[in-house]
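Worksheet: the structure to be examined is printed underneath.
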Amino acid sequence: MKSRDLINLGIPKEHLKAAIAAVTNARRGGAKAAEVRRTVRSLSIAPHEFVADPTFGELATLLINTPVATWRERETPAPWAKYGDDLDESAIRQLENACRLPVAVQGALMPDAHVGYGLPIGGVLATENAIIPYAVGVDIACRMKLTVLDTPVHAIKGEKERLIKAIESETRFGMGAQFRGRDRRDHEVLEEDTWSEGPVTKRLKDKAWAQLGTSGSGNHFVEFGTLELNSPDLGLEAGTYLALLSHSGSRGAGATVAGHYSKLARELHPELPKELQHLAWLDMDSEAGQEYWEAMNLMGRYAAANHEMIHRMVSKALGAKVLADVENHHNFAWKEIHDSKEVYVHRKGATPADEGVLGIIPGSMATPGYVVRGRGAAESLKSASHGAGRVMSRTKAKETVNWSKVKKSLAEKDITLLSAGVDEAPDVYKDIDEVMRAQTDLVDIVAKFSPKIVKMAPAGEPPED
DNA sequence: ATGTCC
């Protein structure tokens with residue numbers, strides 16, 4: 001019997017697992033399909049009559065003890081702030097909807113906001129005692145890392161081939177990208193017991209190992225560029241440096257964790273209206289909530305290790321020493337105190353910007369990114385944008401972007417593009433400097449990074465191995 | 001974002 005049959009027979013989504021187990025047991029015990037079907041129908045109508053049944057008793061008790069879920073939204077929506085004047089209206093609607101959730105406490109919309117599943121990208125949401133998998137995002141712990149190297153800046157021109165080779169030989173890109181055999185990277189994060197403690201993560205460790213030190217597709221990248229520091233900071237003298245910047249996350253492992261728990265959250269909240277289904281939450285007091293929290297935090301450490309291996313291998317190939325290091329998650333949730341209250345702050349495509357905290361806000365392959373220092377603005381839930389933000393969908397980009405024009409413009413800026421999809425062309429993004437101007441209350445600019453040698457996943461090609 | 005839904 002399939003899930004859909006069970007639902008048609010009146011089994012609520014949240015008890016599908018228990019129902020499937022009971023049906024399987026009944027069939028193993030020799031009951032015929034039609035007979036089981038009749039039992040399930042009767043049980044869904046009058047569960048009290050089945051409490052003592054050896055096979056269906058447990059399911060009957062579950063049905064009796066589950067109050068009929070009813071949708072109750074906040075009487076008044078949670079307060080939220082937005083930054084920027086020309087924000088996508090659909091993204092605004094998504095954040096407004098999120099603020100209607102009974103678990104919502106406060107929201108904020110960053111100037112790079114655009115539509116995503118559930119919460120918009122560039123959306124921040126604080127909740128009480130609840131975690132929303134889709135408000136963290138599919139790429140859990142998607143993250144930036146910048147290392148300043150002791151390699152002289154003129155190497156970007158003078159030793160270009162050597163820099164290109166370091167990226168090409170030490171990184172992998174694309175959906176399913178991985179290292180094979182002895183090329184696999186090792187990191188102590190893989191030795192954690194946490195992997196085997198989670199019912200989902202225990203199946204993901206080998207894939208995670210194979211993908212350690214890789215970037216995915218879409219907006220992930222690894223690039224060399226110049227970092228301009230106008231005054232001493234980051235433990236460095238003022239000056240222009242050669243830096244390595246990467247954008248990647250928790251890869252396939254994180255996507256599987258996200259998919260599993262967002263589905264579970266939706267099943268646990270069948271009462272949610274359609275526009276809020278993707279914002280289904282897990283109660284932090286529940287086993288599912290705790291499982292997701294542990295898995296999410298593991299994905300956080302894994303994504304950090306992922307970047308660490310990219311930077312370690314590339315700088316090692318160059319024989320370079322790391323002079324400074326800045327990094328941050330921008331798809332994650334944190335337990336924080338806001339307004340003297342403990343809340344779970346989800347930042348989905350948003351950079352943590354508590355007072356004094358360093359972060360990285362990238363532009364595009366052809367425009368600057370910025371190292372920033374947070375100002376701790378309460379209205380933004382101590383957050384800032386995570387980039388420039390898309391102005392054009394991937395589909396539209398593929399129809400309209402003139403690739404040879406892009407190449408010409410890159411050449412004029414002395415930018416070497418090793419590979420990328422047309423949907424990542426500079427024009428699909430907002431003007432990063434305009435976005436930075438919309439968030440002067442949120443962050444101060446520390447340094448400016450200009451991309452010079454850029455690698456992204458090639459479009460439409462099979463993954464490398 | 002991800003080897004394309006459990």
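Worth knowing before you read on, the calculation uses all heavy atoms, side chains too, and leaves out hydrogens, waters and symmetry mates. Fair warning: this is a prediction, and the values are worked out from it, not measured in the lab. Residue numbers start from 1 in every chain, and the chains themselves are labelled A, B, ... in the order their sequence lines are given, proteins ahead of strands.
Picking from B:dC6, B:dT2, B:dA1 the nucleotide with the shortest atom distance to the side chain of A:Tyr117 gives B:dA1.
One interatomic measurement links the two molecules: NE2 of A:His278 to P of B:dC5, which rounds to 13 Å at whole-angstrom precision. Rounded to an integer number of Å, the gap from CZ of A:Arg203 to P of B:dT2 is 20 Å. In this structure, A:Asp423 places its CG atom 9 Å from P of B:dA1, rounding to the nearest Å. Put simply, CZ on A:Phe221 is 11 Å from P on B:dA1, counting in whole angstrom units. Nucleotide B:dT2 holds its P atom 20 Å from the OH atom of A:Tyr261, rounded to whole Å. B:dC5 atom C1' lies 14 Å from atom CG of A:Leu16, rounded to whole Å. Rounded to whole angstrom, the span from the NE2 atom of A:His386 across to the C1' atom of B:dA1 amounts to 11 Å. Atom CE of A:Met456 is separated from atom C1' of B:dA1 by 12 Å (rounded to the nearest Å).
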Evaluate the salt bridge (Lys or Arg N to Asp or Glu O under 4.0 Å) criterion for residues A:Lys430 and A:Asp112: first the C-alpha distance (whole Å), next the side-chain angles of each, then the deciding distance (0.1 Å), finally the verdict. CA-CA 8 Å; A:Lys430 286 185 195 172; A:Asp112 60 341; over 6 Å; no
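Listed pair A:Arg251 / B:dA1 fails the phosphate criterion, with no side-chain N or O lying under 4.0 Å from OP1 or OP2. Checking the phosphate oxygens (OP1, OP2) of B:dA1, no side-chain nitrogen or oxygen of A:Ser250 falls inside 4.0 Å.
Counting any heavy atom pair closer than 4.0 Å across all strands shown, A:Thr256 reaches no nucleic acid atom. Backbone-only engagement by A:Lys207 is indicated by non-hydrogen atom pairs under 4.0 Å involving sugar-phosphate atoms exclusively.
A heavy-atom distance below 4.5 Å is not found between the side chains of A:Gln106 and A:Val343.
No donor-acceptor contact under 3.5 angstrom links the side chains of A:His311 and A:Asp325, judged on distance only.
Between A:Asp206 and A:Arg184, at least one side-chain N (NZ, or NE/NH1/NH2) sits under 4.0 Å from a carboxylate O, which counts as a salt bridge.
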